[in-house]
**Q** 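Submitted below is the structure of interest, expressed as structure tokens.
Letters A, B, ... are given to chains in the order of the sequence lines, protein chains preceding strands, and every chain is numbered from 1.
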Amino acid sequence: MSGAAAPAQQMTGSNRYMLLILLVPGLLALMTTFLLPMVWLARASFSTSSMSAFGGGVTLEHYHAALTDPFYWKVAMNTLSLGVTVSFFAVILSYPIALFLTRSTSRWRGVLTALAVAPLLTSAVVRTYGWMVILGDRGVINSTLQSLSLTTDPVRLSNNTFGATVALVEILMPYAILAMLAGFGRLNPQLEEAASMLGASKLRVFWRIILPLSLPGILTGALLVFVLAISAFVTPRLMGGGRVFVLGTEVFQEATVTLNWPLAAALSVVLLALFSSVIVIYQRALRRLEA
Amino acid sequence: MSEHHVVVENLVKTYPGAATPSVDHVSFALPKGEMLALLGPSGCGKTTILRMIAGLIEPTSGAIQLNGREISQTPVHKRNMGMVFQAYALFPHMTVAGNVAFGLEMRGVPNSERGPKVQRALDMVKLGHLGDRRVTQLSGGQQQRCAIARSLVIEPELLLLDEPLSNLDAKLRDEMRDEIREIQSRTGVTAIFVTHDQDEALSMADRLAVMSAGRIEQIGTPREIFDAPANEFVAGFIGAGNFLSGRVTAPGQAEIEGLGPLRFAAPASVGSRVQLMVRPHRFKLAAPGPNAFTGQVESLVYRGQILTLAITVGGRRLTADLHTHAGTLPAKGDTVTLAVAPGDVTFLSEAAA
């Protein structure tokens, strides 16, 4: 901490102005696109008028509604469990890929890395539709099963939490891979060599050296996927077929269907508060791990 | 079965796609407790040899024996060798003691015996009080010591050191050089180390193998290598030298182009061409006479105990290292005479004319 503060103290007055000038465009952009809407959202959540944020009086009734209705508690639990499941599987599936890409010395490594994150080039909506084609009642899997006479009725693979989970895992895997690649900085083939020289078998090298050193990357990847999964709206909505209730879909429902903006805003604030605290706790744990 | 502790025979490593082998039929043998330096310019294959002995690289062909047992098929983690890596390769997520204990843990040494062993190893490298530190909090020299303790605590059959001093600053390097030597002779462990630094090799090793282009050019004690280099490459790589070629005109005398006659103490047949060398420190200031060359001082470098000067004689440069206690020192532009005793002329090679 003190090491990072030292250069700032040596900064001369003109340097500090220069820094401020460089920061202004970015700060302005953040103010208008992030901070102002947040203020608007917070104000709207206390509003007595259903369609305008700043009109009407101030009330706590929407928070009361959001926090006392057992339905919203169930939605919050659904969201949390979807986030945990998706990040668990996305991490399990991405870890070997990221590890391979980090350790590979092949000249194709750059190409392979690009391929691993190439799905990011298509939008999540398009990929969700892709999963609907695969997992739908008349989709690739079900029509294959039926043409082989293995099943008579379609197996329920979509329009439920399973479908939403599968699609989210695949859609979020590139993020997990990228986060892990960035977090694997401490991995070093020489450490593995040193461990085997000291008598560690391949398996023990993995458990005692590779896994502990890649843990920060794994945890960063898991956090990123978790955040993206709990705030996801399009995929749970489309793959859930209206049967999967998570906070993202409920906020959308209140804002566009029921047209209850203050309640939608209150739900958003609750979502924000809930999951920011998760992130803060998580990052604190992560920092302790890296120290 | 040989009496040697480590035997390397006809070791070859050719990397896929490479036209020439990186290590080309290298053989040497090492008695127990000896320290061997593999010395050579970068890319000469010295590190490849070390890594093949360690088991980190598979040899293309050849044999490696330890204690009379063939080990080239033994996996790395069963070879029981200690290795000190150039960048130390300490485990950043463990404490100093944790690093040292790792090898014992892998060997299934019970917890109760591990503690005292780790402490003894840390005491040996003067890190006894730092066992609880994280390795990232250690200075360069301390990390080096930790790496040495970690490689020795397992009581290895053989200690391998890969450029162990190259990451340290000059002062620390001298200190660690003596310390490694001291620890090695105290523990009596057989050791092989790789270096490109001739001073390091000369001062630390019992014997050194000078390498170039995948081959061993000469193997011998520091004194043999320095005073009787086998060829021009070895002579040039270890220490500086004035290389003089000429024709033998009489037994023990050659006519050097541009310089005149030079007497030397080695048998060579009259009429053949010889390659001779004079180390700069073999020259002395003298009056003109036989085996003496007179010229103008072209450059001077004062280095405390030694004055390095270069004179030009007949269009040829001769360098000499003179002791600074030798009375009045010449200045630039002075005319001086450098003489060498015939016994101090190194004979390198002879070829029929």
**Q** Looking only at heavy atoms, which two atoms of B/Phe91 and A/Leu191 are closest? And how far apart?
**A** CE2-O, 3.4 Å
**Q** Between B/Arg51 and chain A, which part of the residue has a heavy atom less than 4.5 Å away: side chain, backbone, both or neither?
**A** side chain
**Q** Count the heavy atoms belonging to other residues, nucleotides or ligands that lie under 6.0 Å from CZ of B/Arg186, then report whether that count exceeds 12.
**A** yes
**Q** Tell me, yes or no, whether the heavy-atom count around B/Asp132 atom CG, taken from other residues, nucleotides or ligands under 6.0 Å, exceeds 12.
**A** no
**Q** When rounded to the nearest 0.5 angstrom, what distance separates OG in A/Ser201 from NE2 in B/His77?
**A** 5.0 Å
**Q** So with a 6.0 Å cut-off around NZ of B/Lys126, is the heavy-atom count from everything else above 12?
**A** no
**Q** Are any non-hydrogen side-chain atoms of B/Phe102 and A/Arg208 less than 4.5 angstrom apart?
**A** yes
**Q** Using a 6.0 Å cut-off, check whether atom CZ of A/Phe89 has over 12 heavy atoms from anything other than its own residue.
**A** no
**Q** Got B/Ile154 and A/Met197 here, is their nearest side-chain heavy-atom distance under 4.5 Å?
**A** no
**Q** Is the number of heavy atoms from other residues, nucleotides or ligands within 6.0 Å of CZ (A/Phe88) greater than 12?
**A** no
**Q** Quick check: do B/Ser151 and A/Leu198 have side-chain heavy atoms less than 4.5 Å from each other?
**A** no
**Q** Would you say that B/Met106 contacts A/Arg204 through its side chain, given a criterion of any heavy-atom pair below 4.5 Å between the two side chains?
**A** yes
**Q** Could you measure the distance from the OG atom of A/Ser196 to the CZ atom of B/Arg79? Nearest 0.5 Å is fine.
**A** 11.0 Å
**Q** A quick test of your reading: do over 12 heavy atoms of other residues, nucleotides or ligands sit less than 6.0 Å from CD of B/Glu155?
**A** no
**Q** I want to check something: taking the side chain as every heavy atom from C-beta on, are A/Glu193 and B/Val76 in contact at a cut-off of under 4.5 Å?
**A** no
**Q** For B/Leu104, is it the side chain, the backbone, both or neither that has a heavy atom under 4.5 Å from a heavy atom of chain A?
**A** neither
**Q** Could you walk me through whether B/Met94 and A/Ile209 pass side-chain contact (heavy atoms from CB on, under 4.5 Å), step by step?
**A** CA-CA 10 Å; B/Met94 297 179 196; A/Ile209 309 295; 4.1 Å; yes
